[in-house]
Amino acid sequence: MPAILRLKVQIFKQVFNFTTFHSFCSSRINISTNPDPKTLNHLLNQRPPLFQLKQVHAQVITQSLSSNSTLVDSLIHCYLSTKSLTFARTLFDEHPNYPPSILLWNLMIRSYSKILNSREPVDLFRRLIGLEHDPLVVPDNYTFTFLITSCTHQKSGLHGIIIHGIVIKNGHLSNLYVGNSVINLYAVFGRLDDARKVFDEMPERDVFSWTSLLGGHAKQGEMERATEIAAMMPIRNMVSWAVIISGFIDCGRYIDALTCFHEMLRESHDSLKPNEAVLVCALSACANLEALDQGKWIHAYINKNGFTKMSNISTALIDMYSKCGIIRDAYRVFHSITQPDVCNYTSMISGFSDHGLGSNALRVFHQMIAQNVTPNELTLLGVLKGCSHSGLVEEGCFIFYKTDRYWNIEPKVEHYGCFVDLLGRAGHLKLALAIAIKMPLDADIVIWRALLSACRIYKYVNLADKILAYVEQGYFGHFNGNEVLISNLYASLSKWERVSDVRKSMSKREHKSSIGCSWIEVNGTIHEFRVDDQLHPQIGMLKDVLKSLISDEMFETEFHK
DNA sequence: TACGGTAGGC
């Protein structure tokens with residue numbers, strides 16, 4: 001081994017435990033010169049990428065500069081900025097001037113705070129408050145802001161509440177940032193009264209305080225309260241609008257979401273332009289409402305304002321056109337993307353599948369694999385759905401059995417659902433049943449429904465009876481959609497008494513089920529109708545039109561009974 | 001001297 005390589009190995013062993021030695025060997029480190037600490041620090045201040053950072057770190061070790069705390073501080077900064085927490089943590093724990101400055105404690109806590117369910121921020125905080133001998137290293141406003149933010153990313157709000165107590169005791173709650181992080185903590189955990197109390201007692205508030213409070217109500221689906229808070233806000237920014245609009249979308253109030261979007265445009269004129277998040281939300285509302293005209297309007301806005309290159313916008317556009325029934329335009333958007341990512345591909349594949357264009361879905365899927373884009377769970381669900389709806393049994397089987405080995409994705413119950421549906425629709429009912437029984441997860445109602453559906457198509461009476469007995473035992477009376485299916489199945493098998501039983505059971509519970517709702521977009525306005533709805537301003541005219549469309553007899557039965 | 005808090009789709 002040449003001397004230079006031996007030295008590299010030696011350095012590498014010390015710093016990185018050989019884990020990525022190959023990549024280290026291929027780096028271009030200049031060992032012949034020995035940069036002084038000032039030069040190394042200057043290099044670190046440029047925030048180099050990880051591979052260069054490791055070279056500088058190696059130089060620090062080989063030149064015995066590991067006790068230079070300025071250099072170690074800079075190295076920690078750099079490792080944290082490249083999200084290499086493990087390296088940063090090792091240097092932090094072995095800091096030459098232990099304990100490191102409060103700045104470094106804060107930076108470490110901040111980095112860990114972004115990781116879900118990490119115990120590290122609280123553990124570090126415990127260590128920090130245990131350093132009683134050093135009066136210079138004490139928690140400050142930054143520490144509490146990061147610490148509380150980390151608690152919002154945990155499963156339980158318990159740590160956050162305890163830390164809130166410490167914050168009050170130490171008088172940090174008067175700080176705007178600390179206060180805002182506490183409001184957000186309570187908002188995230190649905191403790192809206194507590195959030196409000198902190199909000200009310202703050203000496204000053206800003207748009208973050210208001211948005212966090214508003215977001216708390218939106219997350220709980222309390223959109224009336226959220227709207228009231230929004231109306232009281234002194235200033236609204238794009239995030240506040242995004243919180244309100246997405247709140248409406250989360251609870252299925254798409255018309256309200258779009259109304260809000262237009263209100264935002266009216267209010268802000270040119271001062272505040274909708275950003276990516278708001279546009280994605282608005283497109284999602286259009287997709288769910290099948291509001292093509294509004295969707296097209298937003299698309300024109302996106303083109304005019306240069307949002308076309310944003311991947312999430314493209315994904316939302318593909319989805320919007322697809323759900324509005326214009327698959328050709330969905331493909332046009334997809335085709336215009338230079339380098340589609342997994343979300344773009346998934347949206348396009350699902351679009352084709354929903355339109356019954358399984359072979360197109362499959363073609364896009366193969367194109368994706370050829371481009372080395374790794375599919376995710378939703379991509380596979382999309383392509384399996386496409387195969388199922390288009391009878392592409394062989395292709396569907398191939399993909400289903402390769403999910404684990406090729407793409408490291410363990411099939412979920414939804415994938416099994418698609419697969420059983422694929423086999424059932426194609427008439428391979430016994431195989432489908434075997435999969436449903438032997439699958440490693442518990443078969444859900446969707447799977448049994450797929451099997452029943454297949455029994456109905458192929459009139460497999462005996463098998464249907466067996467499945468029905470099982471389904472009735474486990475699920476009957478819990479799923480409306482299932483009862484309709486069972487009733488239809490009995491009807492197709494001419495078992496009229498059973499049909500009557502199921503219908504009676506359904507009508508007894510009818511008051512508990514949600515009211516059906518339909519809507520239609522005319523000239524950019526959404527008109528919404530519920531069962532027996534008389535509220536539309538033109539209901540009289542609508543009834544007249546309906547009269548001319550359906551027979552008088554039917555009209556009498558439906559509307560004047 | 002350096003570090004803060006809020007938002008979205010398939």
Side-chain angles (χ1 to χ4, degrees), chain A residues 44-45 47 70 73-74 76-78 80-81 101-111 113-114 140-150 152 172 175-185 187-188 195 198 202 205-216 218-219 233 236-250 257 261 274-288 310-320 322-323 330 334 340-354 375-383 385:
Chain A
L44 291 172
N45 284 338
R47 295 284 179 271
T70 312
D73 282 6
S74 295
I76 296 175
H77 273 271
C78 291
L80 290 179
S81 68
S101 67
I102 188 64
L103 170 69
L104 284 177
W105 285 87
N106 291 343
L107 289 175
M108 286 305 301
I109 293 174
R110 184 186 68 159
S111 300
S113 77
K114 289 166 186 163
D140 60 10
N141 288 330
Y142 289 94
T143 323
F144 287 109
T145 306
F146 301 141
L147 193 59
I148 292 164
T149 304
S150 85
T152 62
H172 287 284
N175 178 271
L176 180 63
Y177 288 86
V178 177
N180 284 347
S181 58
V182 176
I183 295 175
N184 193 47
L185 170 88
V188 163
V198 176
M202 277 170 80
R205 301 174 197 115
D206 64 3
V207 69
F208 284 81
S209 337
W210 285 92
T211 308
S212 290
L213 189 66
L214 163 67
K219 261 195 197 96
M233 286 175 76
R236 282 183 283 260
N237 67 12
M238 208 36 71
V239 179
S240 335
W241 282 108
V243 171
I244 307 166
I245 296 170
S246 69
F248 277 126
I249 287 176
D250 284 345
F261 173 69
N275 63 8
E276 190 188 354
V278 169
L279 289 167
V280 168
C281 281
L283 285 170
S284 162
C286 293
N288 283 289
M310 293 182 177
S311 159
N312 294 337
I313 296 252
S314 304
T315 304
L317 277 171
I318 296 166
D319 185 52
M320 184 276 292
S322 161
K323 291 217 168 86
F334 174 75
D341 64 14
V342 62
C343 297
N344 303 144
Y345 275 114
T346 303
S347 196
M348 191 66 252
I349 290 168
S350 305
F352 276 136
S353 298
D354 288 340
N376 61 25
E377 287 175 7
L378 290 170
T379 325
L380 294 169
L381 209 54
V383 73
K385 195 170 57 183

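The figures that follow rest on heavy atoms only: side chains count, while hydrogens, waters and symmetry mates do not. Here is the naming used below: chain letters follow the sequence lines, and residue numbers restart at 1 for every chain.
For A:Lys323, the listed nucleotide lying nearest its side chain is B:dC10; candidates were B:dC3, B:dC10, B:dT6. When the nucleotides B:dA7, B:dG4, B:dG9 are ranked by their closest atom to the side chain of A:Val178, B:dG4 comes out on top. Taking every side-chain heavy atom of A:Val243 into account, B:dA7 is the closest of B:dG9, B:dA7, B:dG4. Proximity note for A:Phe146 (side chain, C-beta onward) versus B:dT6, B:dC10, B:dC3: the nearest is B:dC3. With B:dG4, B:dG9, B:dA2 as the candidates, the nucleotide lying closest to the side chain of A:Arg110 is B:dG4. You'll find that the side chain of A:Leu378 is closest to B:dC10, out of B:dG8, B:dC3, B:dC10. Of the candidate nucleotides B:dC10, B:dA7, B:dG4, B:dA7 has the atom nearest to the side chain of A:Lys219. In this structure, of B:dT6, B:dC10, B:dG8, it is B:dG8 that holds the atom nearest to the side chain of A:Cys281. Distance from the side chain of A:Ser212 is smallest to B:dT6 among B:dG9, B:dA2, B:dT6. Distance from the side chain of A:Tyr142 is smallest to B:dG4 among B:dG4, B:dT6, B:dG9.
Contact annotation for A:Asp73: no contact, since no heavy-atom pair falls under 4.0 Å across all strands. Within the nucleic acid shown, A:Ile109 has no heavy atom closer than 4.0 Å to any nucleic acid atom. Residue A:Thr315 is in base contact, counting any heavy-atom pair closer than 4.0 Å across all strands shown. A:Asp319 comes within 4.0 angstrom of the backbone, heavy atoms only, and of no base.
Contact of A:Asn175 with B:dG4 (side chain to base): a donor-acceptor pair of N or O atoms is detected under 3.5 Å. For a distance-only test at 3.5 Å, the side chain of A:Asn275 qualifies as a donor-acceptor partner of the base of B:dA7.
One can place CD1 of A:Ile313 at 13 Å from C1' of B:dA7, the figure rounded to the nearest angstrom. Between the NZ atom of A:Lys385 and the P atom of B:dC10 there is a distance of 11 Å, rounded to whole Å. A:Asn141 has its CG atom 16 Å from the P atom of B:dC3, to the nearest Å. The CD1-P distance, from A:Ile249 to B:dA7, rounds to 15 Å in whole Å. At whole-Å resolution of the value, CG in A:Asp250 and C1' in B:dG8 are 9 Å apart. Taking atom CG of residue A:Leu104 and atom C1' of nucleotide B:dA2, one finds them 9 Å apart after rounding to whole Å. Whole-Å rounding puts the A:Asn237 CG to B:dA7 P distance at 11 Å. Across the protein-nucleic acid pair, A:Met320 atom CE and B:dG9 atom C1' stand 13 Å apart, rounded to whole Å.
Shortest non-hydrogen contact noted between A:Asn312 and A:Val280 is O-CG2, 3.9 Å. In terms of heavy atoms, A:Ser240 sits closest to A:Met233 at OG-CE, 3.6 Å.
In this structure A:Asp319 satisfies the salt bridge (Lys or Arg N to Asp or Glu O under 4.0 Å) test together with A:Lys323, sequence neighbours excluded. Here A:Arg205 pairs with nothing under the salt bridge (Lys or Arg N to Asp or Glu O under 4.0 Å) rule; sequence neighbours left out.
Considering OG1 of A:Thr145 and CG of A:Leu176, their distance stands at 9.5 Å, rounded to 0.5 Å. To the nearest 0.5 Å, the span separating CG on A:Leu103 from OG1 on A:Thr143 amounts to 10.0 Å.
Proximity of A:Asn184 to the phosphate of B:dT6: a side-chain N or O atom is located under 4.0 Å from OP1 or OP2.
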